[in-house]
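Here is the structure we will look at, set down as structure tokens.
Remember, it's a predicted structure, so these values are computed and weren't measured experimentally. Proteins come first, then strands; the chains are lettered A, B, ... in the order of their sequence lines, and each starts at number 1.
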Amino acid sequence: MSAKIITITSGKGGVGKTTATANLGASLADLGYRVVCIDADIGLRNLDVVMGLENRIVYDLVDVVEGHCKLRQAMIRDKHLNDLFLIPAAQTRDKTAVSPQDMVRISDELRQECDWILIDSPAGIERGFRNALAPADVVLVITNPEVSAVRDADRIIGLIEAEEKGPGKLILNRVKPEMVRRGDMLATEDILDVLAIDLIGVIPEDETILISTNRGMAASLDSKSIAGKAYRNIARRLNGEEVPFETLQGRDGFFGRISRLVRAGGVR
Amino acid sequence: MSFFERLRIGRRGTAYTAKQRLQTVLVHDRSGLSPGRLEALKVDMIDTLSRHVEIDRGSVQLSLTKERNQQRLVADIPLASRRSRRRTT
Ligand SMILES: Nc1ncnc2c1ncn2[C@@H]1O[C@H](COP(=O)(O)OP(=O)(O)O)[C@@H](O)[C@H]1O
Ligand SMILES: [Mg+2]
């Protein structure tokens, strides 16, 4: 095995990185792959609660870095999927406890253990972001259809290019088709016009995200969740499948147009 | 702008405004030149140029544009000539 390393980042906080990591992790594991999710948000760990694994933590990423445990001991197995694991962030330390070189070393060791490594990046452009970026083979940039989030995404895209980790791929999250239809929300096309990046998926604003987070189980494992379905499709695109961009039902099928604008490009 | 154009823009909604504002802010972000720094650059440029040629200070325009992946600083500097007005870019 030699895993593909995907880093999920955004610049702005609160746009959906952790949710995306949990959902893509579950989707890829559900496709039959062995997946390890790493929470790189040291001091503000959250991926554990979103995945519903907060009560199983013994060791964390910093314990691995400092040699207090073996890599395998810090891998927590998911409750629902046998081949999904989490390496949690340390909660009582800060970002300086881990260096970009540490992340590269750990990821290289992990590569032999699994098919996919997903790294949940903290917000910002500082050390935590550099840690998450260093081992990445592919970077997913997530944003919301909102001026400040898109602006920060542009900054991040520039930094990713500068580190020669580009071009990234864009996830547009929390789209409200009805608002786009009446011209009060930036459309996918608008954002693609402005940012120099290819699209890999559009996720609608969806209550099932909060409901599944309440439970600690990814929405992508709920067959009725529209956002979950959109995440499953992104996982398939990552896996190299040509999956048409979904028609999220705006009143006039607005999102149908996206499919003609962009082509899926896998990374495997 | 025709009546109909005005109508159409009126119906565009706030997403249109958002996109325009984004494009402007990104041009400045990407170049590392804020609107204020650009203004300061303009003043310096005018001073330098004025040592060599008489220019129409009030009409100088300096703007950042983007063509494909190339950012460009475009200056429009009208000369203050008694006989004719030439524009150079
Ligand atoms: N598609 C969506 N629909 C509705 N709520 C969402 C969606 N994506 C994310 N959220 C919510 O947005 C908030 C921030 O998400 P999170 O993944 O923690 O962001 P980040 O990790 O980027 O800070 C959470 O409350 C999450 O439930
Ligand atoms: Mg997060």
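Counting only heavy atoms from C-beta outward, the side chains of B/L22 and A/I191 never approach each other to under 4.5 Å.
Nearest heavy atom pair, residue B/Q23 against residue A/V194, reads CG-CG2, 3.8 Å. Considering every non-hydrogen atom in both B/A15 and A/L186, the closest pair reads O-CD2, 3.5 Å.
With respect to the salt-bridge test (charged N to carboxylate O, under 4.0 angstrom), the residues B/D29 and A/R155 do not qualify.
Judged by distance alone, with hydrogens and angles left aside, the side-chain atoms of A/D190 form no donor-acceptor pair with the main-chain N or O of B/K19 at under 3.5 Å.
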